[in-house]
Amino acid sequence: MKDLYARLGVSAEVCDCGEGILKTLEDRFRQADAVAEYNQAKVLAAMQKNRVGASCFAATTGYGYDDVGRDNLERVYADTFHTEAALVRPQITCGTHALTVALSANLLPGDELLSPVGSPYDTLEEVIGIRPGACSLREYGVSYRQADLKPDGSFDYDAIRAAVNEKTKLATIQRSKGYATRPTFSVARIGELIAFLKSLKPDIICMVDNCYGEFVETVEPSDVGADLVVGSLIKNPGGGLAPIGGYICGKKALVERCAYRLSAPGLGQEVGANLGLLPSFYQGFFLAPTVVCGALKGAIFAANFYERMGFRVVPDGSESRHDIIQAVELGSREAMIAFCKGIQAAAPVDSFADPLPWDMPGYEDQVIMAAGAFIQGSSIELSADGPIRPPYAVYFQGGLTWYHAKLGILLSVQKLLDAGLTKLPEA
Ligand SMILES: *Cc1c(COP(=O)(O)O)cnc(C)c1O
């Protein structure tokens, strides 16, 4: 094994150090396996209940009328998320699109959108109209209010109470921290927030941005009162196989509106050809619990390895996990580059490429990204990125298999060592 790792670029010292750290993580990995086993059974039960068979995998084109495989996949999602309905489509191009459809379908002129958890994910700023942009919700007469989190990352219930008014129609709750420094919320905490919102206003629609959170726990936000849960298929639920797509699960009346918004009023869920993508959607969903488990182990291993070398990591090495993202504060531009070179060098695709910081459109600071993915931009595959600014944090996520995530982390450590930017911890 060590010879092979040496050929891949990892020294015996780094291997040994990694094995030492792994010995301390056996309980954590067992817990992750138990969650994966539960979620695997949950997905299997949904597939069996809905009698998934070969006829579900047939390609449709054109309008996609009577697409039995597409309709059945939506029942499988609905049963897995314990919701009345689901919309799962390749016509939903990404997570931002899925969230945009859910918001614009369920907010009308004069309504107000509330984020009770501080600022939303970057790309939603233009959707909402926080940053001006054509076709924003704001342009259509939907106002926006935000209650920030308290400094310790907890919900500011007084601020939320003050923000809810007669116009408040929908609350958007982002589960994952994304590229912010706040904690990711557990499903249980999201449940508490939803209960509070409904106590203030019983008919408020609670939507959860579930990106990066699916299958990390045995429950999903829809199990604790969320009316809509939304995410991307090139993250967790696509299992690395879905080449595009998004999902919206929730109350039937709300999901129906999403379908009308996605296609056209009157058409809704009846149209939308699957273009031959259903085998990857079904099989990806089937694999998703174990893929997420592998990514989670990678995040836990990275947190513990980098923490032992003296870097600040978020979440820390012992915290419980509610998404698959790991932030590592590396303290310098050089260290970010070295880290990303390690991740890139471990990839099955484009391992020969050299990641460098660049001026990415829409970002104030230079950004560095490492990704060698089968599906472009897929962040359930092993990837790392971050803006080049203090505290010089890289956000590390994904890994279709735990062993690949492990190699990526070992190589990132190796590159930091080779550049003289860190020392291995004492055994
Ligand atoms: C990835 C992500 C999104 C959507 O991003 P896309 O790149 O459009 O898929 C939204 N919210 C969060 C928290 C995310 O992580």
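Whatever order the structure lists ligands and atoms in, that order sets their numbers, starting from 1. The chain is numbered in sequence order, starting from 1.
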What protein heavy atom sits nearest [atom], and how far off is it?
| atom | result |
| --- | --- |
| atom 7 (O) of ligand 1 | T96 OG1, 4.4 Å |
| atom 11 (N) of ligand 1 | D209 OD2, 2.6 Å |
| atom 1 (C) of ligand 1 | K235 NZ, 1.2 Å |

Would you please classify the geometry between the [Y] ring and the [X] ring as parallel, tilted or perpendicular, with 30° and 60° separating the classes?
| X | Y | answer |
| --- | --- | --- |
| Y77 | Y247 | tilted |
| F155 | F185 | tilted |
| F301 | W402 | perpendicular |

Inset, instruction - Please lay out, stage by stage, how E220 and R175 fare under the test salt bridge (Lys or Arg N to Asp or Glu O under 4.0 Å). - result: CA-CA 10 Å; E220 298 291 340; R175 176 173 175 181; 3.2 Å; yes
So is [X] polar-close to ligand 1, meaning N/O to N/O under 3.5 Å?
| X | answer |
| --- | --- |
| H97 | no |
| T123 | no |
| G95 | yes |

Legend entry - Per-atom contacts, ligand 1 versus Y212 - under 4.0 Å to a heavy atom: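 Once the distances to Y212 are compared, the set is 15 (O).
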Inset, instruction - Any atoms of ligand 1 less than 4.0 Å from a non-hydrogen atom of C94? List them with their elements. - result: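 Counting from 1, the qualifying ligand atoms are 8 (O), 9 (O).
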Legend entry - Side-chain donor or acceptor of Y282 paired with backbone N/O of L73 under 3.5 Å: yes
Inset, instruction - Would you confirm whether Q269, through its side chain, and A86, through its main-chain N or O, come within 3.5 Å as a donor-acceptor pair? - result: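 Yes, because the side chain of Q269 sits within donor-acceptor range (under 3.5 Å) of the backbone of A86.
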Inset, instruction - Answer with side chain, backbone, both or neither: which part of L99 has a heavy atom less than 4.0 angstrom from an atom of ligand 1? - result: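 For L99, the contact with ligand 1 is made by the side chain alone.
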Inset, instruction - Check each heavy atom of Q174 against ligand 1 and say whether those closer than 4.0 Å belong to the side chain, the backbone, both or neither. - result: side chain
Legend entry - Side chains of D111 and K167 in contact at under 4.5 Å (non-hydrogen atoms): no
